[in-house]
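The structure under discussion appears below in the form of structure tokens.
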Amino acid sequence: MANTVTVKVLESGQRNALIHVYLKSDGATGELTNQVLLDPIADLGMEAKSRFRLGKVEYNFAGFDAVLGFGSGTVPIENFKWVLTEGTNYGVDFKYWTFVADNSGIDGNGKLLLSTSRFTNSACQGSMLIQVIK
């Protein structure tokens, strides 16, 4: 059996998109490492080399922590990183910082990635709502 990672685009307009992510550990597979949550081309129909900005992240994690970041061709999650700690109904609104742009450099692939820690028990699960600005 494998960990469950379900990503669903709930809304995708011309300027914004909203995705829902559900995570559940199988208790055996181990950590998620650089798991792609959102690909601007495949999931949102954006043009090649297009990049989105993070608008808002709301999450609820039971038993684990995670790190969000943007994908880079040579060193994934090298630049921007945001730590999401275990807990109920946490969130951050990036509008106060004019949203957070993908700054992964020339070799960036524009993908939003997630890596976990302590995602090893079958009781570990969580959900996320992520708003991106196209």
Side-chain angles (χ1 to χ4, degrees):
M1 193 163 144
N3 291 328
T4 299
V5 179
T6 305
V7 179
K8 181 173 180 155
V9 177
L10 298 176
E11 180 181 308
S12 183
Q14 283 191 355
R15 296 183 357 198
N16 298 294
L18 180 66
I19 67 166
H20 175 263
V21 179
Y22 174 71
L23 308 166
K24 172 93 173 105
S25 173
D26 66 359
T29 303
E31 305 292 353
L32 299 173
T33 304
N34 299 323
Q35 174 75 41
V36 176
L37 296 183
L38 193 60
D39 180 324
I41 298 168
D43 298 327
L44 301 178
M46 295 172 69
E47 295 180 17
K49 296 292 183 183
S50 293
R51 300 197 182 177
F52 54 79
R53 296 174 289 153
L54 280 176
K56 191 172 188 177
V57 178
E58 300 273 341
Y59 68 96
N60 186 342
F61 291 163
F64 69 101
D65 301 326
V67 175
L68 271 180
F70 291 108
S72 172
T74 55
V75 186
I77 306 186
E78 177 58 27
N79 297 298
F80 171 81
K81 296 178 186 178
W82 194 266
V83 177
L84 307 170
T85 56
E86 176 183 4
T88 302
N89 298 328
Y90 289 123
V92 62
D93 189 341
F94 293 107
K95 74 179 177 187
Y96 299 108
W97 300 281
T98 318
F99 306 108
V100 174
D102 176 356
N103 66 347
S104 57
I106 195 164
D107 65 340
N109 58 28
K111 296 176 183 177
L112 184 63
L113 307 178
L114 180 89
S115 292
T116 60
S117 61
R118 300 184 296 118
F119 196 64
T120 54
N121 181 313
S122 61
C124 294
Q125 63 181 338
S127 56
M128 304 171 69
L129 283 173
I130 303 171
Q131 177 205 28
V132 297
I133 313 302
K134 296 180 183 180

Same apolar cluster: L68 and V5, side chain cutoff 4.5 Å: yes
S127 vs H20, side-chain contact (heavy atoms from CB on, under 4.5 Å): CA-CA, chis, key distance, verdict: CA-CA 7 Å; S127 56; H20 175 263; 4.0 Å; yes
Side-chain heavy-atom pair Y22, M128 within 4.5 angstrom cut-off: no
Side chain to side chain, V21 and L38, heavy atoms closer than 4.5 Å: no
Backbone N/O of D26 and side chain of N3: donor-acceptor pair under 3.5 Å: yes
Side-chain heavy-atom pair R118, D65 within 4.5 angstrom cut-off: yes
Those residues that, when tested against F94, pass ring-ring contact (aromatic ring centres under 6.0 Å, His included) (two or more places apart): W82
Closest heavy-atom pair and its distance - D43, V9: O-CG2, 4.1 Å
Beyond-backbone contact of I133 with Q131, side-chain heavy atoms, under 4.5 angstrom: yes
Linked, directly or transitively: L129 and L84 (ILVMFWY side chains, under 4.5 Å): no
Distance in Å, F119 CZ paired with Q35 CD, rounded so as to fall on 0.5 Å steps: 9.0 Å
Pairwise side-chain contact, V132 with L54, heavy-atom cut-off 4.5 Å (strictly under): yes
Whether Q125 side chain and L23 backbone form a donor-acceptor pair below 3.5 Å: no
Aromatic ring pairing Y59/Y90, orientation class (parallel under 30°, perpendicular over 60°, tilted between): tilted
Beyond-backbone contact of F52 with F70, side-chain heavy atoms, under 4.5 angstrom: yes
Hphob cluster co-occupancy, I130 + Y96, side-chain heavy atoms under 4.5 angstrom: yes
Closest non-hydrogen atom pair between G126 and F64, with its separation: N-CE2, 3.9 Å
Test item: L113 and V67 side chains (from C-beta on) under 4.5 Å apart, heavy atoms: no
Nearest non-hydrogen partners of G63 and C124, listed with the distance: O-SG, 3.5 Å
Shortest non-hydrogen separation from G110 to P40 and the atoms involved: O-CD, 3.2 Å
Any L114 side-chain heavy atom under 4.5 Å of L32 side chain: yes
With sequence neighbours excluded, residues passing side-chain hydrogen bond (donor to acceptor under 3.5 Å, both in side chains) with T116: E31
Sequence neighbours excluded and cut-off under 3.5 Å, please list the side-chain donor-acceptor pairs for residues 11-19, or say none.
| unit_1 | atom_1 | unit_2 | atom_2 | d |
| --- | --- | --- | --- | --- |
| S12 | OG | K134 | NZ | 2.7 |

